[in-house]
Protein chains: 2
Amino acid sequence: MTDRPAPTSKAQAIVNEVRRRIVDREWQQGDRIPDEAELAVEFGAARATVNKALQLLAEEGLLDRKRRAGTHVTVNPARRATLTIPIVREQVEAAGLAYSHRIVAQKLSPLPADVAARMALPEGHELIHLRTVHYGDDTPFQVEDRWLNPAAAPGVERIDFHRINPNEWLVRNFPWLRADMAFSAASADARDARLLECRQGTALLILQRTTFNDLGAITSVRLAFHPGYQLIATP
Amino acid sequence: MTDRPAPTSKAQAIVNEVRRRIVDREWQQGDRIPDEAELAVEFGAARATVNKALQLLAEEGLLDRKRRAGTHVTVNPARRATLTIPIVREQVEAAGLAYSHRIVAQKLSPLPADVAARMALPEGHELIHLRTVHYGDDTPFQVEDRWLNPAAAPGVERIDFHRINPNEWLVRNFPWLRADMAFSAASADARDARLLECRQGTALLILQRTTFNDLGAITSVRLAFHPGYQLIATP
DNA sequence: ATCGCAATTAAGTTTAGACATATATCCGAT
DNA sequence: ATCGGATATATGTCTAAACTTAATTGCGAT
């Protein structure tokens with residue numbers, strides 16, 4: 001039931017064994033561990049394989065590696081977590097609900113200062129401003145407040161977002177090179193409350209994201225999730 | 001000013017070029033791209049190098065790779081973001097503030113149902129319960145509500161957490177094998193408000209984390225950040 | 001002692017080749 | 001036409017060897 005035969009690669013086996021030694025404190029925080037050549041002999045593997053394994057553990061934050069100085073067990077591991085930001089529709093459907101969305105507003109508007117700063121565009125510059133509500137079984141799931149830059153996403157002016165939601169269209173048509181992303185909490189304002197069908201002042205999880213390609217900022221969006229929503233991270 | 005000489009490896013150069021082709025839509029979503037052997041010839045590299053580059057892009061979510069079927073540009077890329085959860089003290093000090101912490105409460109208490117479930121321990125089981133406030137320049141930065149399991153972290157009963165904060169001690173002494181982590185938003189309750197010196201009902205970003213080693217759950221903690229706090233993710 | 005340079009070391013990267021493995025595709029038997 | 005098995009193919013993984021590069025260490029001159 002809990003035994004796994006051997007579905008792992010040699011590199012992964014080395015990762016597991018090294019991680020075990022660290023967790024079991026055979027190798028303590030700050031200790032220097034044997035170098036790649038020694039471990040290669042011990043594990044009966046090529047140095048390249050050991051190298052790959054140790055690089056994975058270094059990415060994970062468990063090891064510190066430096067040329068000439070060797071590999072040490074990280075003293076204060078600031079561990080990372082990976083968040084997968086799925087397409088809303090897929091997220092809703094994965095929960096077994098029927099997805100739908102509604103465009104609440106769509107018009108050309110001058111950029112407010114904060115969004116302009118995030119998009120590295122002049123304040124007052126006119127962009128497409130969209131407000132969308134995403135539903136699961138007719139219950140509001142997420143409210144999206146989005147600014148779209150036709151200069152970086154040519155063709156966007158002619159899309160009918162009632163048929164395909166903005167995120168999905170963008171993701172399919174304009175892969176980005178760089179993204180800024182931040183999580184925060186905010187109290188639902190009057191509009192949030194109306195669209196999410198919750199009481200004003202309710203605490204909402206907010207995801208603010210701006211994406212760029214080589215033509216500049218594609219879009220900047222503020223996502224407000226329904227009250228109680230939890231974003232799960234995978235280590 | 002914007003030209004970079006050549007600080008990148010060959011594999012990284014391939015990553016960049018393939019990413020460029022995708023972003024510039026030379027290779028469109030769903031397209032099959034040339035196989036590793038062909039790209040190796042084109043880029044004048046070994047297949048292993050191309051393989052490494054394409055695996056990085058697959059991890060990033062831009063490519064889908066399958067044996068025999070080849071490599072395709074992902075149609076609906078659900079892109080990932082990495083969050084680094086730093087040690088509070090380092091985070092505060094990085095902001096140029098003086099760090100301090102205060103243990104508000106520390107006692108043996110029976111586990112409430114929700115925490116027990118997260119830690120996979122029986123409800124009512126007695127664990128060490130700690131409440132800590134972390135300050136930057138005497139302004140509350142984060143409130144920590146933590147349960148500690150001496151069975152998985154032997155020695156924890158004898159630690160004086162007034163001298164070193166619980167997170168830092170754990171991180172230095174008990175590396176974990178697995179962690180569950182979730183972000184959410186909550187309204188400050190009376191205690192949160194008092195400890196964070198904010199108004200009750202203020203929206204707070206909450207990070208809930210439980211860590212495990214091979215002895216079981218080490219600790220489960222609820223971190224409430226000060227109002228307005230933004231958690232920045234790196235792509 | 002102190003400084004600066006040179007030697008040495010350990011990780012970083014790449015390569016060519018080999019074998020493993022999943023699976024799309026083809027083809028022949030039904 | 002349909003099914004099943006053989007085949008081909010693209011990725012997955014590993015290896016041994018070489019070269020590169022960062023940086024610690026040690027040494028020699030001051």
Side-chain angles (χ1 to χ4, degrees), chain A residues 4-19 21-22 26-75 77 80, chain B residues 4-19 21-22 26-75 77 80:
Chain A
R4 2 182 81 215
T8 46
S9 66
K10 207 160 183 172
Q12 192 56 51
I14 297 175
V15 166
N16 293 341
E17 172 59 14
V18 171
R19 211 202 321 262
R21 290 185 190 180
I22 295 171
E26 290 173 25
W27 290 343
Q28 307 213 354
Q29 325 281 106
D31 283 1
R32 173 163 177 187
I33 76 171
D35 68 35
E36 294 184 349
E38 290 174 64
L39 291 176
V41 173
E42 184 195 332
F43 291 122
R47 186 170 78 87
T49 306
V50 174
N51 179 275
K52 188 178 172 183
L54 298 187
Q55 288 203 9
L56 284 169
L57 287 161
E59 262 176 58
E60 201 179 299
L62 271 185
L63 295 177
D64 276 335
R65 289 158 67 67
K66 235 166 57 183
R67 277 168 159 140
R68 166 75 219 233
T71 300
H72 293 256
V73 181
T74 305
V75 178
R80 303 175 219 339
Chain B
R4 1 180 84 213
T8 48
S9 67
K10 208 161 181 174
Q12 193 55 51
I14 297 175
V15 166
N16 293 340
E17 171 61 11
V18 171
R19 212 201 321 260
R21 289 183 192 181
I22 294 170
E26 291 172 26
W27 291 341
Q28 307 213 352
Q29 324 281 104
D31 283 2
R32 173 163 177 189
I33 77 170
D35 68 35
E36 295 183 347
E38 289 174 64
L39 290 175
V41 173
E42 184 196 331
F43 291 123
R47 185 170 79 88
T49 306
V50 174
N51 179 276
K52 188 177 172 183
L54 297 188
Q55 288 203 10
L56 284 169
L57 287 161
E59 261 176 58
E60 200 178 301
L62 270 185
L63 295 178
D64 276 334
R65 289 159 67 68
K66 234 166 60 184
R67 276 167 160 139
R68 165 76 218 233
T71 299
H72 293 256
V73 181
T74 306
V75 178
R80 303 174 219 341

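Throughout, protein chains are lettered first and strands after them, A, B, ... in sequence-line order, and every chain is numbered starting at 1. Reckoned from all heavy atoms, side chains included, excluding hydrogens, waters and symmetry mates.
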Look at the side chain of [X] and decide which nucleotide, out of [options], has an atom nearest to it.
| X | options | answer |
| --- | --- | --- |
| A:Arg67 | D:dT15, C:dT14, C:dA11 | C:dA11 |
| B:Ala69 | D:dA16, C:dA24, D:dA10 | C:dA24 |
| A:Ala46 | C:dT15, C:dG12, D:dT15 | D:dT15 |
| B:Arg65 | D:dT15, D:dT11, C:dT15 | D:dT11 |
| A:Lys52 | C:dT15, C:dT14, D:dC14 | D:dC14 |

Sugar-phosphate only, base, or nothing, as touched by B:Ala11 at under 4.0 Å among non-hydrogen atoms: sugar-phosphate

Sugar-phosphate only, base, or nothing, as touched by B:Ala45 at under 4.0 Å among non-hydrogen atoms: sugar-phosphate

In whole angstrom, what separates [X]'s [atom1] from [N]'s [atom2]?
| X | N | atom1 | atom2 | result |
| --- | --- | --- | --- | --- |
| A:Arg32 | C:dT9 | CZ | P | 11 Å |
| A:Asp64 | C:dA10 | CG | C1' | 15 Å |
| B:Phe43 | C:dT15 | CZ | P | 13 Å |
| A:Asn51 | C:dT14 | CG | P | 11 Å |
| B:Asp35 | C:dT23 | CG | P | 18 Å |
| A:Leu63 | C:dA10 | CG | P | 16 Å |
| B:Lys66 | C:dA20 | NZ | P | 23 Å |
| A:Leu39 | C:dA10 | CG | P | 12 Å |

5′-ward residue of the pair B:Gly44/A:Leu54 relative to DNA chain C: A:Leu54

Kindly indicate whether the side chain of [X], heavy atoms from C-beta on, has any atom under 4.5 Å from the side chain of [Y].
| X | Y | answer |
| --- | --- | --- |
| B:Arg80 | B:Glu59 | no |
| B:Lys52 | A:Lys52 | no |
| B:Thr49 | B:Ile14 | yes |
| A:Ile22 | A:Leu57 | no |

Nearest-0.5 Å distance, CG of residue B:Leu62 to CZ of residue B:Arg21: 14.5 Å

Distance, nearest 0.5 Å, that separates CD1 of A:Ile33 from CD of A:Glu26: 12.5 Å

Donor-acceptor pair under 3.5 Å, B:Arg47 side chain vs D:dT13 base: yes

Base of C:dA24 paired with side chain of B:Arg68 (donor-acceptor, under 3.5 Å): yes

Would you say [N] has OP1 or OP2 under 4.0 Å from some side-chain N or O of [X]?
| X | N | result |
| --- | --- | --- |
| B:Thr49 | C:dT15 | yes |
| B:Lys10 | C:dT15 | yes |
| A:Thr71 | C:dA10 | no |
| B:Gln55 | D:dT11 | no |

Whichever of B:Pro34 and B:Ala48 has its nearest DNA chain D nucleotide further upstream toward 5': B:Pro34

Contact nearer the 5' end of DNA chain D, comparing B:Gly70 with A:Gln12: B:Gly70

